[in-house]
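Structure, as structure tokens:
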Amino acid sequence: MRSLQIETASLSYPVLIGGGIRKNAAELLSSLNLPMTKLLLITDEEVDIRYGEELFNLLQGRWPVKKVAVPSGEQAKSIDMYMKLQTEAIQFQLDRSSCILALGGGVVGDLAGFVASTFMRGIDYVQFPTTLLSHDSAVGGKVAINHPLGKNLIGAFHQPKAVIYDTECLATLPEKEMRSGMAEVIKHAFIHDESFVHDLLKIDSIESVTNEQLNEMVYKGISIKAAIVSKDEREEGIRAYLNFGHTLGHAVEAEYGYGDITHGDAVALGMQFALFVSEKVLNCPLDRRPISDWLQKLGYPGSVKQEISTEALISRMMNDKKTRGGVIQFVLLDRIGSVRLHSFKAEEIERWLNMWRLEGDE
Ligand SMILES: NC(=O)c1ccc[n+]([C@@H]2O[C@H](COP(=O)([O-])OP(=O)(O)OC[C@H]3O[C@@H](n4cnc5c(N)ncnc54)[C@H](O)[C@@H]3O)[C@@H](O)[C@H]2O)c1
């Protein structure tokens, strides 16, 4: 088992990473010395089948514990599900010294974390991530649910008390979800670590990734996120670097419709566009073509589908919660590991986007 300590202004907490560590969940939780008068284990139906009952049985007997499984997928991050979980928490008589456990991917982590951040003005929670993407979402304390008018619009900053990441759980993750999570690993590498990028570029296919490589990716990805979050917990500065690929990515995700494209596929598109803009605006010397070819070899899309108009994407970007004063903020690179934040007027981005899309059609 490897461990990392996340140091933020509000809290310091451990991230424990290893294959099979979920089987020691009771001991690991005890070692945190939290009051844990009661535990509410929140998971989703898909994860529940594989790991929910197992974790419940490991904890039962040591603590009063109740398990609730929400439907799998993004639609669970809703105000209705949030209310249902609050009701479960009240009926199970959680108190201020109780703890919520989030067992699942980014959806369960965000939802359960938001419940924990607001129940009785905030109680403890521990993340048990089960997707590759959640190496990103489980660390850093951003928790949220969606509003019908936009993703993650209702949320809070609430750091977990620990992250217990059993990488063995990734063995059952569908390839599509693995690819989605790997996009965030690639993002972490591009914004911070050139040698990590070169290691990743050697991967030929998602299926060929070994457990050892996976463990390394998770460890390095979390280390990079930890370094950034520890300097800027509430996204007032460099935490925005983590949005590399996300400005267009979020717009693509919203235009395709959530569920029609994974978050990671949308971010991979966004990173390819950000590299294009980096080349045009900052003279970034990176050879983009081999990177795009490699991403497409791994199964990521190389262009936005034709039926989605550039105007629609711009309009989405203008409505993004990170857009301020009518300017769209982009995370660019002047080389791997060297990030620049750049603000553009909508017309400028429209011009780059049209140019990039034409290049994809060549
Ligand atoms: N809080 C943050 O900082 C942050 C960062 C990035 C993304 N997010 C959020 O994360 C969410 C996406 O997370 P995700 O990609 O993990 O999606 P997810 O939680 O929906 O999981 C993807 C799918 O995989 C299934 N699954 C999970 N673990 C499994 C396993 N081990 N084996 C088999 N199936 C498994 C789930 O049931 C689901 O169907 C989005 O809502 C996004 O907004 C949050």
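The figures that follow rest on heavy atoms only: side chains count, while hydrogens, waters and symmetry mates do not. Numbering of ligands and ligand atoms starts at 1, following listing order. All values reported here derive from a predicted model rather than from experimental measurement.
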**Prompt:** Numbering the atoms of ligand 1 from 1, which are under 4.0 Å from a heavy atom of Y51?
**Reply:** 31 (N)

**Request:** Before signing off on this row, confirm whether V47 and ligand 1 have an N or O atom pair separated by under 3.5 Å.
**Result:** no

**Message:** At less than 4.0 angstrom from any non-hydrogen atom of D136, what atoms of ligand 1 do you find?
**Reply:** 5 (C), 6 (C)

**D136/K187 salt bridge by N-O under 4.0 Å criterion** = yes

**Item:** side-chain hydrogen bond (donor to acceptor under 3.5 Å, both in side chains) assessment of Q86 paired with Y82
**Value:** CA-CA 6 Å; Q86 293 287 357; Y82 166 80; 3.1 Å; yes

**Complete:** Within 4.0 Å of some non-hydrogen atom of S72, the atoms of ligand 1 are 37 (O), 39 (O)

**Nearest neighbour in protein (non-hydrogen) for atom 12 (C) of ligand 1** = L133 CD2, 3.8 Å

**Asked** Should K77 be counted as touching ligand 1, given the test is an N or O pair under 3.5 Å?
**Response** yes

**Message:** Check this for me - ligand 1, C169, N or O atoms closer than 3.5 angstrom, yes or no?
**Reply:** yes

**Request:** Please indicate whether any nitrogen or oxygen in E184 is less than 3.5 Å from any nitrogen or oxygen in ligand 1.
**Result:** no

**Asked** Are K225 and ligand 1 in contact, using a heavy-atom cut-off of under 4.0 Å?
**Response** yes

**Heavy atom of the protein closest to atom 28 (N) of ligand 1 (residue, atom name, distance)** = T130 OG1, 2.8 Å

**Asked** Tell me, which protein residue and heavy-atom name are nearest atom 35 (C) of ligand 1, and how many Å apart are they?
**Response** L173 CD1, 3.6 Å

**Fill in**
Here the atoms of ligand 1 under 4.0 Å from any heavy atom belonging to E74 are 40 (C), 41 (O)

**Atoms in ligand 1 flagged as close to D110, the criterion being non-hydrogen separation under 4.0 Å** = 1 (N), 2 (C), 8 (N), 9 (C), 43 (O), 44 (C)

**Complete:** Here the pair of heavy atoms bringing N146 nearest to N152 is OD1-N, 2.8 Å

**Asked** Roughly how far apart are M355 CE and K280 NZ, rounded to 0.5 Å?
**Response** 6.5 Å

**Message:** With the threshold set at under 4.0 angstrom, would you say G140 reaches ligand 1 through any of its heavy atoms?
**Reply:** no

**Complete:** Interatomic distance, CZ@F344 vs CD@Q329, rounded to 0.5 Å, equals 10.5 Å

**Message:** Give me the residue, atom name and distance of the protein heavy atom closest to atom 18 (P) of ligand 1.
**Reply:** V107 CG2, 3.9 Å

**Message:** Between T43 and D48, is there a side-chain donor-acceptor contact under 3.5 Å, judged purely by atom types and distance?
**Reply:** no

**Prompt:** Within 45 degrees of the axis of the six-membered ring of Y125 and under 6.0 Å from its centre: does K161 put its NZ or CZ there?
**Reply:** no

**Item:** Test item: Q213 side-chain N/O and T210 main-chain N/O as donor-acceptor pair under 3.5 Å
**Value:** yes

**Prompt:** Just by distance, with hydrogens left out, do S134 and Q127 show a side-chain donor and acceptor under 3.5 Å apart?
**Reply:** no

**Message:** Quick one about Q272 and S292 (side-chain donor to acceptor, distance below 3.5 Å, no hydrogens or angles considered), yes or no?
**Reply:** yes

**atom 25 (C) of ligand 1 - nearest protein heavy atom and its distance** = E46 CG, 4.3 Å

**H135-E184 side chain donor-acceptor pair, cut-off 3.5 Å** = no

**Prompt:** Going by heavy atoms, is E45 under 4.0 Å from ligand 1?
**Reply:** no

**Prompt:** Among all protein non-hydrogen atoms, which one is nearest to atom 24 (O) of ligand 1, and what is the separation to 0.1 Å?
**Reply:** E177 CG, 3.8 Å

**Asked** Taking the six-membered ring for Trp, are the ring centroids of Y51 and F128 within less than 6.0 Å of each other?
**Response** no

**Request:** Check each atom of ligand 1 against the heavy atoms of K142 and keep those under 4.0 Å away; list them by number with element.
**Result:** 1 (N), 2 (C), 3 (O)

**Request:** Of the side chain and backbone of N152, name the one, both, or neither that has a heavy atom under 4.0 Å from an atom of ligand 1.
**Result:** side chain

**Asked** For atom 38 (C) of ligand 1, what is the nearest protein heavy atom, given as residue, atom name and distance?
**Response** D44 OD2, 4.2 Å

**Request:** Could you tell me the residue and atom name of the protein heavy atom closest to atom 42 (C) of ligand 1, and the distance to it rounded to 0.1 Å?
**Result:** K151 NZ, 3.5 Å

**Asked** Do T262 and E177 meet the criterion of a side-chain donor-acceptor pair at a distance under 3.5 Å?
**Response** no

**Least distance between heavy atoms, L59 atom then V65 atom** = C-CG1, 4.1 Å

**Request:** Using a 4.0 Å heavy-atom cut-off, say whether L170 meets ligand 1 through its side chain, its backbone, both or neither.
**Result:** neither

**Item:** Closest to atom 30 (C) of ligand 1 (judged by heavy-atom distance), picking from T167, I49, T131, T172
**Value:** T172

